[in-house]
There are 2 protein chains.
Amino acid sequence: MGVRVAVDIVIFSVRDGRLKALLVKRGVPPFEGRWAVPGGFLKDDEALDEAARRELLEETGVADVYLEQLFTFGAPGRDPRGRVLSVSYFALLPAGSKAAPPSAGGDAAEAAWFDAYEPPPLAFDHAAILDYARQRLRWKLEWTTVGFGLVPGRFTLTELQRVFEAVLGRGVDKRNFRRKVLALGVLRATKESRREGLTRPARLFEFSASRFEKLRERGVLFPF
Amino acid sequence: MGVRVAVDIVIFSVRDGRLKALLVKRGVPPFEGRWAVPGGFLKDDEALDEAARRELLEETGVADVYLEQLFTFGAPGRDPRGRVLSVSYFALLPAGSKAAPPSAGGDAAEAAWFDAYEPPPLAFDHAAILDYARQRLRWKLEWTTVGFGLVPGRFTLTELQRVFEAVLGRGVDKRNFRRKVLALGVLRATKESRREGLTRPARLFEFSASRFEKLRERGVLFPF
DNA sequence: GCAAAAGTGTTCAATGTACACCCATGC
DNA sequence: GCATGGGTGTACATTGAACACTTTTGC
């Protein structure tokens with residue numbers, strides 16, 4: 001009686017115009033030397049969400065990011081050490097934010113970003129976890145506002161569009177994208193702008209949480 | 001080290017034109033005498049889905065119904081006996097199918113159907129589980145084909161419509177409903193019909209799994 | 001004045017929604 | 001012939017998709 005419970009977090013971010021996942025190289029058996037989704041064991045008296053946030057902090061040094069429970073994997077043979085349940089989560093890091101130094105984690109030798117669509121061979125059943133997370137993210141991006149978790153506090157509309165394109169894996173029309181995202185009514189234009197290259201500066205926008213709440217109350221956005 | 005894992009299943013069905021959930025009355029402490037979502041503990045070497053199907057069979061006597069993992073609840077204080085994780089599922093029973101005799105389960109004194117929108121006070125955090133399940137079912141009904149899990153193998157379009165109305169909690173237009181559901185292309189009209197009262201017989205339809213698969217491959221239906 | 005990214009509207013197709021009448025059957 | 005539920009089509013509004021040019025800035 002009693003199984004061990006791991007909490008594994010698929011950490012997504014957009015880098016170099018592509019959707020990436022943060023993976024750690026295992027430093028101890030089983031699957032020593034293989035890449036894996038970062039995670040760790042649930043502690044006594046710790047809530048699942050707390051454990052996920054703790055692991056996320058240890059692994060990346062960030063707090064206050066979007067985090068959502070994904071699925072619980074529990075096939076009897078999934079961990080050679082014995083019965084281990086994995087409660088999986090996915091987290092979104094804003095593009096451009098720094099991930100923690102690789103040595104920050106405990107039993108992870110190193111950490112690196114990998115293309116989320118073409119990951120290396122993974123330990124345990126983590127390939128299934130990553131697949132599932134990718135699928136869920138992609139779907140939610142089109143139908144909810146999770147996408148705003150992938151951009152920093154202030155961003156240009158073009159930056160936002162690039163993020164969407166990276167996750168969806170296809171280009172989108174600039175005019176349609178801007179109209180649609182502005183029509184949502186959850187963006188606020190700031191008075192500032194930013195110049196990327198040697199060209200016309202772009203207006204900076206920010207996400208308006210209060211307007212978002214209004215929408216959610218009216219059932220416009222899907223809650224799960 | 002090691003927590004106990006419960007598998008709890010919210011069992012939905014439409015009875016008397018309303019969405020109902022099957023609940024069991026607890027015969028032992030804690031929460032003795034309170035109603036609860038049926039479930040039980042995960043056994044060694046048992047997959048999560050297997051455990052859910054086993055509980056479902058014990059509780060209702062049915063197999064081969066729609067079953068989907070919902071969410072994992074794990075707040076430290078949710079069970080006074082100690083640390084217990086609940087991996088929750090929801091299942092759909094076709095309208096009109098018989099549920100098992102109340103005494104079939106183990107530590108459940110009795111079982112009964114309750115209005116899913118207005119349940120009695122529930123044990124543990126089961127009210128949250130039921131809320132979550134209801135929300136998910138309702139949402140999926142509009143955007144996927146889960147709805148077909150709530151009708152028997154052969155059904156009239158009016159029966160199907162009544163089921164949708166019960167879950168959504170509002171009436172829908174007959175003509176629009178029929179057009180939409182037929183346009184999906186996953187229904188096959190049989191040659192038979194059935195007479196309910198003293199009136200014109202209604203054509204019986206059945207669900208075509210092969211056509212459904214074609215849609216799913218093309219990404220028309222949402223997979224989760 | 002030119003290179004480079006920002007910004008902006010209209011047309012068309014598809015989809016969803018509102019709405020009312022005739023049909024088949026048993027008594 | 002009448003009561004009861006079965007069955008059908010059209011007009012309109014909303015939504016999503018395709019598509020190209022002008023503007024601002026630094027050099």
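Letters A, B, ... mirror the listed sequences (proteins, then strands); counts begin at 1.
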- prompt: Roughly how many Å is it from CZ in B/Phe205 to P in D/dG6, rounded to a whole number?
  reply: 12 Å

field: Presence of donor-acceptor pair under 3.5 Å, side chain of A/Arg195 and base of D/dT25
entry: no

- line: Interatomic distance, CG@A/Leu42 vs OG@A/Ser86, rounded to 0.5 Å, equals 11.5 Å

message: Please check this pair: side chain of A/Asp173 against backbone of A/Arg175, looking for a donor-acceptor N/O pair closer than 3.5 Å.
response: yes

Rounded distance in Å - CZ (B/Arg178) to P (D/dG6): 7 Å

- request: Decide salt bridge (charged side-chain N to carboxylate O under 4.0 Å, His left out) for A/Glu206 and A/Lys191; before the verdict, give the C-alpha distance in whole Å, the side-chain angles of both, and the deciding distance to 0.1 Å.
  value: CA-CA 11 Å; A/Glu206 59 190 13; A/Lys191 296 206 166 84; over 6 Å; no

statement: Of the listed C/dC23, C/dA20, C/dT8, the closest approach to the B/Arg200 side chain comes from C/dC23

message: Nearest to the side chain of B/Asp173, heavy atoms from C-beta on, is which of D/dT8, C/dC19, C/dG9?
response: C/dC19

task: Could you tell me the separation between the CZ atom of A/Arg195 and the OG1 atom of A/Thr156, rounded to the nearest 0.5 Å?
output: 14.0 Å

query: Between D/dG7, D/dG5, C/dA6, which nucleotide has the shortest distance from any of its atoms to the side chain of A/Thr158?
result: C/dA6

- prompt: Starting at CZ of B/Arg170 and ending at C1' of C/dT17, how long is that distance when rounded to a whole Å?
  reply: 11 Å

query: How many Å lie between CZ on B/Arg203 and C1' on C/dC23, as a whole number?
result: 14 Å

- request: Starting from C1' on D/dG9, measure out to CZ on B/Phe177 and report it in whole angstrom.
  value: 18 Å

message: So if I take every side-chain heavy atom of A/Arg175 and compare against D/dA20, C/dT25, D/dT8, which nucleotide ends up nearest?
response: D/dA20

Nearest-nucleotide 5' precedence on DNA chain D, B/Arg162 against A/Thr199: B/Arg162

- prompt: Are B/Phe205 and B/Phe155 an aromatic pair by the rule of ring centers under 6.0 Å?
  reply: no

- request: Would you indicate whether A/Arg15, at its atom CZ, is surrounded by more than 12 heavy atoms from other residues, nucleotides or ligands within a distance under 6.0 Å?
  value: yes

- prompt: Within a strict 4.5 Å, meaning less than it, do heavy atoms of the B/Trp113 and B/Ser13 side chains meet?
  reply: yes

message: Rounding to an integer number of Å, can you tell me how far B/Leu182 CG sits from D/dG6 C1'?
response: 13 Å

- request: Grab the CG-C1' distance between A/Leu198 and D/dG26 for me, whole Å please.
  value: 6 Å

- request: Let me know the distance between CD of A/Gln161 and P of C/dG7, rounded to the nearest Å.
  value: 12 Å

field: Contact pattern, 5' to 3', of nucleotides 12-17 of chain D - B, S or - by protein heavy atom under 4.0 Å
entry: -----B

